[in-house]
Amino acid sequence: VQLQASGGGLVQAGGSLRLSCAARGRTVNNNAMGWFRQAPGKEREFVASISWNGHIIRYSESVEGRFTISRGYAENTMYLQMNALKPEDTAIYYCAAGRGSAAVTVTSATYWGQGTLVTVSS
């Protein structure tokens, strides 16, 4: 499976972006998927995850209420709608798919996308 993340860019604080993660090679509709981010000088951290059927969704405390994760099964794609962006959201955002179906973490992720840069100016 190859994951292709896109949609990053430069936005002012308070603005919005929508990230996409397209899967190529085989379907990931039976896998949990997630978004992670890594800011300069920091470790990669969990942002959000979604189960294979979309029924189990988790967010980090720092983004809950502002970000929304979703899946497009026909397109074999995952999305992250990011609203009310803050300068501290600046990071490279990575998408990932896990072996399991319920959730994915940094350590359980099996497939990783190449990352897309999100920069939020104050």
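What you see is a predicted model; the values in this text were computed from it and never measured. Numbers for residues simply follow the sequence, beginning at 1. Values below: all heavy atoms of this structure, side chains included; hydrogens, waters and symmetry mates excluded.
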Mind checking the OG1-OH spacing from T68 to Y79? Nearest 0.5 Å is all I need.
14.5 Å
A32 versus A103, closest heavy-atom pair with distance
CB-N, 3.4 Å
Neighbour count >12 (heavy atoms, 6.0 Å) for atom CZ, R26
yes
Can you name the nearest heavy-atom pair linking A96 to F36, along with the distance?
CB-CE1, 3.8 Å
Atom of A5, atom of Q114 and distance for their closest heavy-atom approach:
O-NE2, 2.9 Å
How close do A13 and S122 get, counting heavy atoms only, and between which atoms?
CB-CA, 4.4 Å
Counting neighbours of CZ on R44 that are heavy atoms of other residues, nucleotides or ligands and sit closer than 6.0 Å, is the number greater than 12?
yes
Shortest non-hydrogen pair, S51 vs R71, comes out as O-NH1, 3.1 Å
Residues two or more places apart in sequence or in another chain: which of them pass ring pair (Phe, Tyr, Trp, His ring centres under 6.0 Å) with W52?
none
Remaining members of the apolar cluster that contains F67, side-chain heavy atoms under 4.5 Å:
V1, L3, V11, L17, L19, V28, M33, W35, V47, I50, I57, Y59, V63, I69, M78, L80, M82, L85, Y93, Y111, V118, V120
Main-chain N/O of G98 paired to N31 side chain as donor or acceptor, under 3.5 Å:
yes
Closest approach of T77 to S20 (non-hydrogen atoms, all atoms of both residues):
CG2-CB, 4.4 Å
